[in-house]
Amino acid sequence: TQSTRPQRLLGAVQKNATRGDPRSVVQAIDQFCRQKEWAMNVGDEKGCILDSVVSEVNPATVLELGTYCGYSTVRIASLLPPHAKLITLEFNPDFAAIARQVIAWAGLEDKVHLIEGASGDWIPKMTEQFGVKTFDLVFLDHWKDRYLPDTMLMEECGLLRKGSILLADNVICPGTPDYLEYVRSSPRYESQYFKSHLEYTKVEDGLEKSVFLG
Ligand SMILES: CCc1ncnc2c1ncn2[C@@H]1O[C@H](/C=C/CNC(=O)c2cc(-c3ccc(F)cc3)cc(O)c2O)[C@@H](O)[C@H]1O
Ligand SMILES: [Mg+2]
C-alpha cells in the first residue's frame, strides 16, 4: 500500500537524523521538504523567528495548536528550560502517530504532552486535566479559521495572563484575516508582524506576535 507524506517524512528523520539530537531532526525534515516533498512545517526561515521568540519568552508553559508531524514541537521543546511543559494538540490520529515518533527520535518525549483531540474540546480542560493555570506562550499553526475562535476561547477560559505571548504562523499565506484584524485592533493586544517567507518557498508569509495585555 502507498505510504503517506508524513510517513515518508518520518522515514527521512529515521534515516538521516541522530537519535536524541533535536537539531539533526529539524535539519533532516527541512532537507526532505526542500529536496523531496514540500510539507506544511513552519520551516527553517520562520523557524528561526520562532526560536528567537521562544528563547526570549523562556516559557514554563507552552501550548501548540496543530502538531502535524511535530517539526515545530521539536524546535520549541529543544529550547525549553528543565521542567517546562509543552502541550500540543492534534486531532488527526495518523499525524499524531507520526509526530509522537518524530518527538521520540529527538529525545524530547519528557518535555512534550501530545494530546489527540480538537482544540475546542481540550482548551476548556487544560486546567482540570493538566493543572495549567495560564500559558506563557501559544503557537498557533492549525486550521487558519480556528485561530480566532480558539484565541477567544483561551481568553474566556482564563488561560492567558498579562504578558502571555501568542505567536501565529501563516498570517499572510494561507492567511488568517479575521484573527489578524482582531489582535491588531483589540486594545487587549500589542501585535508585531515578523515578515518572512512561506516555508521552503519565496512566497511572502510571516508570523504575528501578540502580547496579551490582560
Ligand atoms: C479543529 C481544531 C484543531 N484541533 C486540533 N488539531 C487541528 C485542528 N485543526 C487542524 N488541526 C491539525 O493541525 C494541522 C493543520 C494545519 C493547517 N495548516 C495549514 O493549512 C498550512 C497551510 C500552508 C500552505 C498550504 C498550501 C499553500 F499553497 C500555501 C501554504 C502552510 C502552512 O504553514 C500551514 O500551517 C493538521 O495536523 C491538523 O490535523
Ligand atoms: Mg503553518
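Just so it is clear, the structure is predicted and the values come from calculations on it, not from any experiment. Each ligand, and each atom within it, is numbered from 1 in the order the structure gives.
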message = Quick test of your reading of the model: are Arg100 and Glu116 salt-bridged, counting only N-O distances below 4.0 Å?
response = yes
query = Distance from Ile172 atom CD1 to Tyr193 atom OH, nearest 0.5 Å?
reply = 4.0 Å
key: Heavy-atom neighbours of Glu204 CD exceed 12 at 6.0 Å   = yes
key: Donor-acceptor contact below 3.5 Å, side chain Ser164 vs main chain Phe135   = yes
inquiry  = Tell me whether the count of non-hydrogen atoms from other residues, nucleotides or ligands lying under 6.0 Å of NZ in Lys133 goes above 12.
reply    = no
task = Using non-hydrogen atoms of the residue, decide whether Gly117 is closer than 4.0 angstrom to ligand 1.
result = yes
key: Atom indices of ligand 1 within 4.0 angstrom of Leu198 heavy atoms, with elements   = 29 (C), 30 (C), 31 (C)
task = Identify which of Tyr68, Trp143, Trp38, Trp122 has a heavy atom lying nearest to atom 15 (C) of ligand 1.
result = Trp143
Closest approach of any protein heavy atom to atom 14 (C) of ligand 1, naming residue and atom = Glu90 OE1, 4.0 Å
remark   = Per residue Asp141, nearest N, O or S atom to the Mg ion (ligand 2) is named OD1
task = Among all protein heavy atoms, pick the one closest to atom 16 (C) of ligand 1 and tell me residue, atom and distance.
result = Asp141 O, 3.4 Å
ask   = Under 4.5 Å between any side-chain heavy atoms of Ile87 and Trp122, yes or no?
value = no
key: Heavy-atom check, side chain of Asp169 versus side chain of Phe139, under 4.5 Å   = yes
message = Any protein heavy atom at under 4.0 Å, with atom 28 (F) of ligand 1 as the reference point?
response = no
inquiry  = Using a 4.0 Å cutoff against the non-hydrogen atoms of Asp169, which atoms of ligand 1 qualify?
reply    = 33 (O)
ask   = Would you call Lys202 and Asp205 a salt bridge, taking side-chain N to carboxylate O under 4.0 Å as the test?
value = no
Nearest neighbour in protein (non-hydrogen) for atom 22 (C) of ligand 1 = Pro174 CG, 3.6 Å
Flag for Tyr71-Asp30: side-chain donor and acceptor within less than 3.5 Å = yes
ask   = Between OD1 of Asn170 and OD2 of Asp169, what angle is found at the Mg ion (ligand 2), rounded to 10 degrees?
value = 80°
note = Short version for Phe95: what comes under 4.0 Å of ligand 1, heavy atoms counted, is side chain
query = What protein heavy atom sits nearest atom 1 (C) of ligand 1, and how far off is it?
reply = Phe91 CE1, 3.3 Å
ask   = Considering only the protein, which heavy-atom contact is closest to atom 31 (C) of ligand 1, and what is its distance?
value = Glu199 OE2, 3.2 Å
Contacts of Tyr68 that satisfy ring pair (Phe, Tyr, Trp, His ring centres under 6.0 Å) - sequence neighbours left out = Phe95
query = Below 4.5 Å, heavy atoms only, C-beta onward: do Lys46 and Leu167 meet side chain to side chain?
reply = no
message = Starting from atom 34 (C) of ligand 1, what is the nearest protein heavy atom, named by residue and atom, and what distance separates them?
response = Asn170 OD1, 3.3 Å
request  = Would you mind checking which non-hydrogen protein atom is closest to atom 3 (C) of ligand 1, with the distance to 0.1 Å?
outcome  = Ser119 OG, 3.7 Å
Per-atom contacts of ligand 1 with Gly66, taking only distances under 4.0 Å to non-hydrogen atoms = 13 (O)
query = Under 3.5 Å, N or O to N or O, is Lys144 touching ligand 1 that way?
reply = yes
